[in-house]
Amino acid sequence: MIIWWFLPALVLGSLVLTGGLRRYALARQLMDIPNARSSHSVPTPRGGGVAIVVSFLIAVPTLCLAGVLDSATALALFGAGAWVALVGFLDDHGHIAARWRLLAHFIGAGWVLWLVDGLPVLSVFGLSLDLGVLGYVLGSLYLVWLLNLYNFMDGIDGIASVEAICVCLGGALLYYLLGQPQAMVVPLFLAAAVCGFLFWNFPPARIFMGDAGSGFLGITLGALSLQAAWLDPKLLWAWLILLGVFIVDATWTLMRRLLRGDKVYEAHRSHAYQYASRSCGRHLPVTLVVGAINLFWLLPWACGVAMGTIDGALALAVSYVPLVGLAIRFNAGKQEVKV
């Protein structure tokens, strides 16, 4: 039985828990204080993403008991999500050296890949590609990069929440088009958990997500994309298309900073979305444009891939071209001029 009634409970639970976390952060002075690398100007409570984590992790065993999730996938989502969120929570409340955080991220990625049996046979321009053991290596790099880029892209009000909701709703639509209503449930549940948090995080944000929430969303969305690939190999391309805004901005920025010799683990505000928000003078227009790009540009391409009307690799390349153009237009990775 598909327990759709749980969706509004998730939204409400996440909303109430985020409000409680905000009061806790204010009482304990757990605040993000604006500095030269910030994209905000007002001290704001942080750590609200824990509400997403708790709400969704409560739902995972419920879905497993209801027969919606198999035990391996449930363990992958619960174990990796809880582990990455814990590491992020500890980092939010203190500091964990980058090398230890990275090691923890690879442990979480390894857990997911072990339980879902690595990468499935991929379809690349009509050819079947079985990566075998190499799939575990590439899969680990993919999950760790997605986890970290989600952290990097959580820099202005609402953007990480809107991205997650759009990707999850898009993923659910892909399953619907393929006649897989049961597979729709998990991404819809994650979207519901994020919606409750977004009430507090929508521009102007009253609380920030924090590393616990952003890292959790990154590893969870990555795990869901691998689950989709095992259901139908072409869906991996579709999920990569849905995640295109974050993947392109973060990757283009990283490559440009690497070529310049920057310390890429240090905080900065040179992503395209950050330059765009400073150009606008507000976060809201940029966050809304990200949502519009997801729904009106990337989602149709992803649906085309799912329906088999276009090759996945070709659709990804075509759909990413304007995103690269936007990254260049808004100076992604360009070193800021100090004044």
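Hydrogens, waters and symmetry mates play no part in the numbers below; they use all other heavy atoms, side chains included.
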Using side-chain heavy atoms (C-beta onward) and a distance below 4.5 Å, is [X] in contact with [Y]?
X	Y	value
Val144	Ile219	no
Leu217	Leu190	yes
Met307	Leu177	yes
Cys168	Leu188	no
Val194	Ser14	no

Residue list, side-chain hydrogen bond (donor to acceptor under 3.5 Å, both in side chains) with [X], at least two apart or on another chain:
X	value
Gln227	none
Tyr320	none
Asn294	Glu163

Quick one: list whatever passes side chain to side chain contact (heavy atoms under 4.5 Å, CB included) with [X], sequence neighbours left out.
X	value
Leu12	Val16
Leu63	Ile3, Val68, Leu69, Val185, Val186, Phe189
Asp311	Phe125, Ala313, Leu314
Asp249	Met153, Thr253, His271, Ala272, Tyr273, Ala332

Running the 4.5 Å side-chain criterion over Ile, Leu, Val, Met, Phe, Trp and Tyr, what cluster does Trp114 land in, apart from itself? Leu75, Trp111, Leu115
Partners meeting salt bridge (charged side-chain N to carboxylate O under 4.0 Å, His left out) with Arg22 (sequence neighbours left out): none
Counterpart residues, salt bridge (charged side-chain N to carboxylate O under 4.0 Å, His left out), relative to Arg260 (two or more places apart):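 For Arg260 the salt bridge (charged side-chain N to carboxylate O under 4.0 Å, His left out) partners, ignoring immediate neighbours, are Asp262.
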For residues 220-253, pull every pair meeting ring-ring contact (aromatic ring centres under 6.0 Å, His included), keeping only residues two or more places apart or in separate chains.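 Every pair satisfying ring-ring contact (aromatic ring centres under 6.0 Å, His included) with a residue in residues 220-253: Tyr150-Phe246.
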Taking ring pair (Phe, Tyr, Trp, His ring centres under 6.0 Å) as the test, write out the residues that go with Trp100, two or more places apart.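 Testing Trp100 for ring pair (Phe, Tyr, Trp, His ring centres under 6.0 Å), a comparison that skips the adjacent residues, returns none.
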Kindly indicate whether a cation-pi arrangement holds for Arg206 with Phe199, taking the cut-offs as under 6.0 Å to the six-membered ring centre and within 45° of the axis. yes
Over all heavy atoms of both residues, which pair between Asp154 and Ile159 is shortest? Give the atoms and the distance, please.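 Shortest heavy-atom separation between Asp154 and Ile159 comes out as CA-CG2, 4.4 Å.
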